[in-house]
Amino acid sequence: DGGITQSPKYLFRKEGQNVTLSCEQNLNHDAMYWYRQDPGQGLRLIYYSQIVNDFQKGDIAEGYSVSREKKESFPLTVTSAQKNPTAFYLCASSIVASGGYNEQFFGPGTRLTVL
Amino acid sequence: LAKTTQPISMDSYEGQEVNITCSHNNIATNDYITWYQQFPSQGPRFIIQGYKTKVTNEVASLFIPADRKSSTLSLPRVSLSDTAVYYCLVGRMDSSYKLIFGSGTRLLVRP
């Protein structure tokens with residue numbers, strides 16, 4: 001089955017700890033994205049990557065870091081510098097084609113709770 | 001990036017047609033209009049996309065007037081399982097592309 005997987009589904013972290021959220025896709029998509037969603041709100045873009053070894057900051061990148069060493073993988077690290085990390089984190093991927101809009105495919109999400 | 005405005009919530013009953021309108025006054029020439037659906041604790045799912053006039057697929061229709069400053073998502077004969085949040089997005093893919101998800105429209109379908 002092709003798709004996007006995120007792990008773990010639920011994650012608990014103590015204040016001051018860094019934590020890494022996994023995102024893997026087997027859709028052969030070049031672009032990958034990380035979003036954050038707070039209760040009752042829309043999604044906000046954290047980071048995105050259109051090609052291996054390259055990524056750009058989204059609207060709320062502070063306190064987060066990413067890497068894109070492989071096409072299939074785009075892990076997100078939530079650092080201790082992120083003031084309010086408790087949220088629902090969504091990973092997505094898409095093809096990259098010029099001149100148009102490309103559907104983003106989303107993973108099931110990881111719910112992070114800071115204790 | 002074009003900003004979108006859509007109703008915060010809507011109520012409907014099973015079997016009715018639901019129309020959700022999105023306003024995007026600053027849409028650019030190369031922007032597409034896309035709608036996503038999100039169920040609680042799940043990632044959004046693509047519903048439909050269009051550039052102008054009308055687009056129809058197996059789940060919805062998208063109506064876009066000539067000036068493209070608004071669009072309407074039409075869900076025919078909704079069922080309880082259509083209860084979800086619906087997001088209207090406007091944009092195109094380029095090197096600086098970013099999707100902007102507003103708060104969406106919460107649709108509640110009642111029996």
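To find a chain, count down the sequence lines: A is the first, B the second, and so on, and within it residues start at 1. All of these numbers come straight from a predicted model, not from anything done at the bench.
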Does any non-hydrogen side-chain atom of A/Pro108 lie less than 4.5 Å from one of B/Gln42?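 B/Gln42 does not reach A/Pro108 side chain to side chain.
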Do you know which of B/Pro44, B/Gly104, B/Pro40 has the most heavy-atom pairs with chain A at a distance under 4.5 angstrom?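 Most pairs with chain A among the choices: B/Pro44.
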Quick check on [X]: does its [atom1] atom have over 12 non-hydrogen neighbours (other residues, nucleotides or ligands) under 6.0 Å away?
X: B/Tyr51; atom1: OH; result: yes
X: A/Leu115; atom1: CG; result: yes
X: A/Glu62; atom1: CD; result: no
X: A/Ile51; atom1: CD1; result: no

Can you tell me which portion of A/Gln6 sits under 4.5 Å from chain B's heavy atoms? Options are side chain, backbone, both or neither.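 Neither part.
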Side chain from CB out, backbone as N, CA, C, O: work out which of these in A/Arg111 comes under 4.5 Å of a heavy atom of chain B, or both, or neither.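 Side chain of A/Arg111 only, per the 4.5 Å heavy-atom cut-off to chain B.
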B/Gln38 vs A/Leu43, test: side-chain contact (heavy atoms from CB on, under 4.5 Å). Steps then yes/no. CA-CA 11 Å; B/Gln38 186 180 26; A/Leu43 285 67; 4.0 Å; yes
A/Ile46 reachable from B/Tyr87 in the ILVMFWY side-chain graph, under 4.5 Å edges: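 No, separate clusters.
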Path from A/Trp34 to A/Phe106 over hydrophobic side-chain contacts below 4.5 Å: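 No, A/Trp34 and A/Phe106 fall in different hydrophobic clusters.
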Looking only at atom types and distance, does a side-chain atom of B/Tyr36 sit under 3.5 Å from a main-chain N or O of A/Glu103, one as donor and one as acceptor?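 Side chain of B/Tyr36 to backbone of A/Glu103, a donor-acceptor pair under 3.5 Å: no, none is there.
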Nearest-0.5 Å distance that lies between atom OG in B/Ser41 and atom NZ in A/Lys9: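 Reported to 0.5 Å precision, the distance equals 6.5 Å.
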Against chain A, label B/Arg45 side chain, backbone, both or neither, depending on which of its atoms sit under 4.5 Å from a heavy atom there.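 No part of B/Arg45 comes within 4.5 Å of chain A.
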